[in-house]
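These figures come from a predicted structure and were not determined experimentally. Counting from 1, the numbers follow the sequence of the chain as shown.
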Amino acid sequence: MHKLLIVGTVAFDAIETPFGKTDKILGGAATYIGLAASQFKADAAIVSVVGGDFPKKYLDLLVQRNIDISALEVVENGKTFFWSGKYKNDLNSRDTLDTQLNVLADFNPKVPESFKNAGIVMLGNLHPAVQNSVIDQMTTEPELIILDTMNFWMDNTLEELKKVIAKVDVITINDEEARQLTGEYSLVVAARKIQAMGPKYVVIKKGEHGALLFHKEQIFFAPALPLESVFDPTGAGDTFAGGFAGFLSKTNNLSFENMKNAVIYGSTLASFCVEKFGTERMQTLTFKELNMRLQQFKSLTQFEIELT
Ligand code: AMP
């Protein structure tokens with residue numbers, strides 16, 4: 001088992017989908033990543049920051065999942081990062097209504113001593129300067145650095161983001177963002193261009209249309225499970241990344257073949273995440289349920305053809 005260091009936002013979200021609306025609820029990239037990775041009993045720690053307004057019960061939730069939160073700083077007189085978004089009717093696209101960095105604006109991350117030698121570093125979505133600082137604090141070179149980011153950072157801090165991209169092994173990004181980053185419409189061409197920027201592996205997430213994994217000339221595709229109930233896609237990307245990283249940290253095998261399985265686990269976990277608002281479904285999910293759905297996934301995608 002590799003130690004897993006997670007960096008990302010721990011946040012308040014206010015979400016609107018065609019099915020309803022929430023007030024401030026628990027969200028944040030690192031929260032979703034941590035909850036997903038905890039399914040693999042990962043030895044994980046979160047580096048992040050919240051304000052004094054962040055409820056203790058949310059912190060307790062992470063601790064119950066065996067996530068080390070000693071580097072989750074609480075700024076007593078500050079406010080927690082807040083994000084608000086509204087989904088269109090197809091649930092595949094959303095508008096960001098508000099992003100308030102609050103305590104994230106002057107956050108100096110401190111990697112715990114015991115995680116400075118983590119084998120896998122999962123850089124969840126947040127300011128690239130923070131992601132960079134975390135990489136710089138590692139005392140032994142991680143076996144795998146995975147980066148997740150979003151258009152907000154491409155719009156606001158592109159040069160800093162490019163520096164991080166140059167240092168990572170895997171990037172997970174959605175289709176729209178891959179196009180924005182490279183100026184290419186074809187995802188195959190976009191993935192090639194992103195590989196030239198640094199990452200040897202590129203995962204492009206396509207929402208309800210699945211995910212693609214690129215490595216050199218190889219491509220692997222995993223569909224998303226066709227679901228009866230899709231309620232709120234928030235955090236699906238982070239959950240995918242958390243599942244991907246959690247599975248790799250458990251299995252200790254960083255080959256392309258094993259990454260295919262990591263993509264499948266990530267997709268399966270994301271399929272649960274979207275069934276309820278926010279983190280609700282991920283809080284109750286059991287490993288048994290995960291494996292049952294994986295079985296469905298297998299029968300959905302398995303076929304035998306004799307090529308003549
Ligand atoms: P996803 O739906 O996977 O893109 O992730 C949604 C989560 O990302 C929400 O819980 C937000 O709190 C968080 N989030 C939204 N915008 C940002 C941002 N600019 N930086 C970091 N995290 C963000």
Side-chain angles (χ1 to χ4, degrees), residues 1-12 26-76 78 80-81 103-104 107-127 130-148 168 170 235 238-252 254 262 265-266 269 273 279 282-287 290:
M1 164 109 39
H2 283 298
K3 280 188 198 172
L4 174 62
L5 181 65
I6 301 166
V7 192
T9 42
V10 172
F12 285 132
L26 172 64
T31 311
Y32 284 103
I33 292 169
L35 289 175
S38 72
Q39 288 293 338
F40 303 97
K41 309 234 171 324
D43 184 4
I46 288 182
V47 177
S48 192
V49 64
V50 291
D53 54 352
F54 197 72
K56 182 172 174 302
K57 66 173 183 193
Y58 290 161
L59 296 175
D60 292 344
L61 175 76
L62 297 172
V63 172
Q64 278 157 21
R65 296 300 185 113
N66 264 331
I67 299 169
D68 180 332
I69 58 160
S70 57
L72 174 46
E73 196 185 326
V74 181
V75 179
E76 286 303 340
T80 300
F81 173 85
V103 287
L104 190 65
F107 174 48
N108 280 318
K110 284 186 197 65
V111 176
E113 280 307 321
S114 55
F115 275 81
K116 286 189 174 170
N117 63 354
I120 300 188
V121 177
M122 175 71 236
L123 302 173
N125 192 11
L126 93 180
H127 198 302
V130 175
Q131 296 175 322
N132 231 330
S133 156
V134 165
I135 298 176
D136 289 345
Q137 289 176 52
M138 302 305 287
T139 49
T140 44
E141 196 179 331
E143 293 202 31
L144 198 75
I145 306 181
I146 308 166
L147 168 69
D148 189 48
V168 306
V170 184
D238 306 315
T239 299
F240 173 93
F244 182 86
F247 176 76
L248 291 177
S249 77
K250 177 181 164 181
T251 52
N252 250 347
L254 305 177
Y265 265 104
L269 279 156
C273 177
T279 57
M282 298 313 289
Q283 289 184 37
T284 59
L285 180 67
T286 64
F287 196 69
L290 174 60

Please assess Phe81 against Val103 for the test side-chain contact (heavy atoms from CB on, under 4.5 Å), listing each intermediate value before the final yes or no. CA-CA 6 Å; Phe81 173 85; Val103 287; 5.6 Å; no

Any residue meeting side-chain hydrogen bond (donor to acceptor under 3.5 Å, both in side chains) with Thr286, in chain and number order, not counting sequence neighbours: Glu289

Is the shortest side-chain heavy-atom distance between Pro109 and Gln137 below 4.5 Å? yes

Can you name the closest pair of heavy atoms from Met1 and Asp43 and give their distance? SD-N, 3.8 Å

Supply the atom-to-atom distance Leu62 CG to Leu26 CG, rounded to the nearest 0.5 angstrom. 7.0 Å

Separation between CG (Leu61) and OG1 (Thr31), nearest 0.5 Å, reads 8.5 Å

Non-neighbouring partners of Thr80 that pass side-chain hydrogen bond (donor to acceptor under 3.5 Å, both in side chains), sequence neighbours left out: Asp53

Qualifying residue for side chain to side chain contact (heavy atoms under 4.5 Å, CB included) with Ile120, from Leu5, Leu254, Val170: Leu254

Not counting sequence neighbours, which residues clear side-chain hydrogen bond (donor to acceptor under 3.5 Å, both in side chains) with Asn117? List them please. Lys3

Tell me whether Asn66 at atom CG has more than 12 heavy atoms from other residues, nucleotides or ligands lying less than 6.0 Å away. no

Apply the test ring-ring contact (aromatic ring centres under 6.0 Å, His included) to residues Tyr32 and Phe240: give CA-CA distance (whole Å), side-chain angles for both, the deciding distance (0.1 Å), then the verdict. CA-CA 9 Å; Tyr32 284 103; Phe240 173 93; over 10 Å; no

For the OG atom of Ser249 and the CD atom of Glu143, what is their distance to the nearest 0.5 Å? 11.5 Å

I'd like to know if the side chain of Gln283 and the backbone of Leu35 have a donor-acceptor N/O pair within less than 3.5 Å. no

Who pairs with Phe12 by ring pair (Phe, Tyr, Trp, His ring centres under 6.0 Å), at least two apart in sequence or on another chain? Phe54

Value rounded to 0.5 Å, distance of CZ in Phe115 from CG in Leu4: 8.0 Å

Residues forming a salt bridge (Lys or Arg N to Asp or Glu O under 4.0 Å) with Lys57, sequence neighbours excluded: none

Among all residues two or more places apart in sequence or in another chain, which pass the side-chain contact (heavy atoms from CB on, under 4.5 Å) test with Pro142? Val121, Met138, Ile145

side-chain contact (heavy atoms from CB on, under 4.5 Å) for Phe40 and Leu269? Distances and angles first, verdict last. CA-CA 11 Å; Phe40 303 97; Leu269 279 156; 3.8 Å; yes

Test: salt bridge (Lys or Arg N to Asp or Glu O under 4.0 Å). Region: residues 131-142. Which pairs qualify, not counting sequence neighbours? Asp136-Lys167

side-chain contact (heavy atoms from CB on, under 4.5 Å) filter on Ser48, not counting sequence neighbours, yields Val10, Ile46, Leu72

With rounding to the nearest 0.5 Å, note down the distance linking CD1 in Ile6 to CE in Met122. 8.5 Å

Salt bridge (Lys or Arg N to Asp or Glu O under 4.0 Å) partners for Lys116, two or more places apart: Glu113

Residue list, salt bridge (Lys or Arg N to Asp or Glu O under 4.0 Å) with Asp238, at least two apart or on another chain: none

Side-chain (Gln39) to main-chain (Gly243) donor-acceptor, under 3.5 angstrom: no

Rounded to the nearest 0.5 Å, how far does CG of Leu104 lie from CG of Leu126? 5.0 Å

So, using side-chain hydrogen bond (donor to acceptor under 3.5 Å, both in side chains) as the criterion, who are the partners of Thr251 when residues are at least two apart? Asn258

Just so I know, are the side chains of Ile135 and Leu123 near enough to count as touching, which here means a heavy-atom distance under 4.5 Å? yes

Quick one: which residue pairs count as a salt bridge (Lys or Arg N to Asp or Glu O under 4.0 Å) with a foot in residues 63-76, not counting sequence neighbours? none

Looking only at heavy atoms, what is the nearest atom pair of Val47 and Pro112, with distance? CG2-CD, 4.1 Å

Determine the interplanar angle of the Tyr265 and Phe287 rings, folded into 0 to 90°, and report it as parallel if under 30°, tilted if 30 to 60°, perpendicular if over 60°. parallel

